[in-house]
Amino acid sequence: MSHNEVRTRYAPSPTGFVHIGNLRSALYEYLIAKVKNGKFILRIEDTDQKRYVEGAVDVIYDTLKIVGIKHDEGPDIGGHYGPYVQSERKHLYLPYAKQLIEKGKAYYCFCSEERLEDLRVKAEKAKVQNKYDRHCLNLSKEEIQRRLDAKEPYVIRQLMPDTGETTYNDAVYGDITFNNDVLEDQILIKSDGFPTYNFANVIDDHLMKISHVVRGSEYITSTPKYVLLYEAFGWEPPIFVHLPLVEKLGGGKLSKRSGDAYFSDLIKAGYLPEAVVNFIVLLGWSSGTEQEFYTLSELEKVFDIKGISKSSSVYDTDKLKWMNGEYIRRKTPEEFVKIASPWIDKALPDTLDRTKICSMIQKRVEVLSEIPDMVKFLKKAKPIDISLYNNEKSKCNINEAKRILPIIRDKIVAMEDFNHESIYLMFTSTAQELGVKNGLVMWPARIALSGQLVTAGGAVEIADVLGKQETLKRIDKAIKQLEKTDA
RNA sequence: GGCCCUUUAGUCAAGCGGUUAAGACAUCGCCCUUUCACGGCGGUAACAGGGGUUCGAGUCCCCUAAGGGUCACCA
């Protein structure tokens, strides 16, 4: 690194989904750069042509955009170190591999996949680590040329030292040492001419002047190979920052579909991007303070590699839910109406007042997707299970409901203004006149209006949303139902 | 299985040789109250085990155990 600008990169392979663990890596990479006023680069790692997925790159752009991460260089916006898509850089890797061959640090290999598979099976049976047997290491120059001329498929392998050890310093884990004899002569260039990730990432990171290589700790064991590569080229290695893994609840790597592990799923389920960001940044990082709510721009100032923990953490949505609810509650009423309306629309006709409904449910919603179920009783009166009138705490029972509901009905009929305040007054004054607690009046009213034991909102709010006419209609219906019952 | 990493409550975590071992989520109880929720108050709950080093160890070292990662012409 000739100068000390911090440059990090997010280098996803376009698989079509952005996983939570992946997004967290992107976040950390972004923050490590931004906290030092550095650059954050997006690079697409698509050297595996078999895994190409249509539209996958757009998913990556969209995700970054939604969470508010802006890259400084990338395929869509360019930069001084492009191209930023590995398949477009294909031509540039082979010369580097050949340079290594010149130096005696790499060699051609013509082994068939069948032969390699054989080796693998044998190693498996013998219960030893599978390692390429260097069958092609000592081919003569002439034979190599002959086979190359004959267009035989080949790969290029990195020649590993078989004695000694390799140590590198990790910004999170400290010094990590490996015996060189565990390192396999890994493939650098595949027979289709593409580089492997193991080779391309080193070349690209160097060429793009990446100062901090930030990635999941699953790469810890292959990092000595990269270090050896840097050494072979005579390049200064970057600072390695390996991140602890995110595990699923039962344990194990959170990688395949497990729960709400995809960012897009979370958004679809009604999680707020800023809550998700806040939550996942805390999964594996701590500021050391008591603060737990952070905006992205705050994080851009306070994030510190030192706060990254070594141990993996479990992705448990309990706290995410709470945090999302917290973000929802912190919205202004106007903001909440805006984000909640699409969800209310799923359950209710637009004749009902959205603002009133929202003020009723805002404190009760944790995840937006709960909204339709929460409000659907407003659309249609449910058939009432009359046992719901029984409630010990408010001293209500079916007979009390029978007595009180008609009184309320008459009061409502007489009302001129029908709003939150006047409804509340009507209920409380009724209670006073009858010499009973408010609860004894409110309880049967709420049951009559909703048909539900629990509702988002009380009798007053519900009546207000419903309006005088519908309120009366539901209470009448409830009275008629009660009249038909003895007890 | 070899190698590498990790290990503070159910979960996220603070701690960096001397603390009554923070805080948050979850859970439980109480209060507020028109149900539920919100809010307020409080409770239960942790240094994986064993050896050292030290006057003193969650903090340093070693061993064991458990969990995870990795051993591809995937990234």
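First the proteins, then the strands, lettered A, B, ... as listed; each starts at 1.
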> Which letter, B, S or -, goes with each nucleotide of nucleotides 64-69 of chain B from 5' to 3', with contact meaning a protein heavy atom under 4.0 Å?
Replying inline: ----SB
> Where along nucleotides 38-43 of chain B does protein come under 4.0 Å, by heavy atom, of base (B) or sugar-phosphate alone (S), with - for untouched nucleotides?
Replying inline: SS----
>> Generate the contact string for nucleotides 14-20 of chain B. Rules: B means base contact, S means sugar-phosphate contact only, - means no protein heavy atom under 4.0 Å.
In response: S------
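On a pure distance criterion of 3.5 Å, no polar donor-acceptor pair joins the side chain of A:R446 and the base of B:rU34.
Side-chain atoms of A:Y294 come within 3.5 Å of backbone atoms of A:Q291 as a donor-acceptor pair (strictly under, hydrogens ignored). When atom types are taken as modelled, the side chain of A:N180 and the backbone of A:D162 share no donor-acceptor pair closer than 3.5 angstrom. Checked by atom type and distance alone, the side chain of A:D46 pairs as donor or acceptor with a backbone atom of A:S87 at under 3.5 Å.
Within the shown strands, B:rA66 is the pairing partner of B:rU6 under the Watson-Crick or G-U definition, both distances less than 3.5 Å. The partner of B:rU11 is B:rA24, by the rule that a Watson-Crick or G-U pair needs both atom distances under 3.5 Å. B:rC16 makes up no base pair with any nucleotide shown, lacking Watson-Crick or G-U wobble contacts both under 3.5 Å. Under the Watson-Crick or G-U wobble criterion, with both distances below 3.5 Å, B:rC71 is paired with B:rG1.
A close approach under 4.0 Å does occur between a side-chain nitrogen or oxygen of A:N130 and OP1 or OP2 of B:rA72. Using a 4.0 Å cut-off, no side-chain N or O of A:K131 falls inside it from OP1 or OP2 of B:rU70.
Contact check on A:E470 versus A:R474 returns a salt bridge, with a Lys/Arg side-chain nitrogen under 4.0 Å from an Asp/Glu carboxylate oxygen.
Legend: residues meeting ring-ring contact (aromatic ring centres under 6.0 Å, His included) with A:Y230, ordered by chain and number and at least two apart, are absent. Applying the side-chain hydrogen bond (donor to acceptor under 3.5 Å, both in side chains) test to A:T455 and every residue at least two apart in sequence or in another chain returns A:R446.
Taking atom OH on A:Y132 and atom P on B:rA72, their separation rounds to 14 Å, with Å as the unit. Protein atom CZ of A:F377 is 11 Å distant from nucleotide atom C1' of B:rU35, rounded to whole Å. The nearest whole Å value for the distance from the CZ atom in A:F178 to the C1' atom in B:rC71 is 11 Å.
A:F194 comes within contact range of no nucleotide atom at all, as no heavy-atom separation falls under 4.0 Å.
No donor-acceptor contact under 3.5 angstrom links the side chains of A:N22 and A:S25, judged on distance only.
When each of A:Y10, A:W285, A:F303 is tested with A:Y28 by the rule ring pair (Phe, Tyr, Trp, His ring centres under 6.0 Å), just one qualifies, namely A:F303.
Closest contact between the side chain of A:K393 and the listed nucleotides B:rU35, B:rC73, B:rC3 involves B:rU35. Of the listed nucleotides (B:rA75, B:rU35, B:rC12), B:rU35 has the atom at the smallest distance from the side chain of A:V454.
Listed in residue order, the members of residues 108-121 of chain A having a heavy atom less than 4.0 Å from RNA chain B are A:C111, A:E113, A:L116, A:R120.
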>> Working note: A:D175 + A:Y168, criterion side chain to side chain donor-acceptor pair (under 3.5 Å); need CA distance, chi angles, decisive distance, verdict.
In response: CA-CA 6 Å; A:D175 283 344; A:Y168 70 93; over 6 Å; no
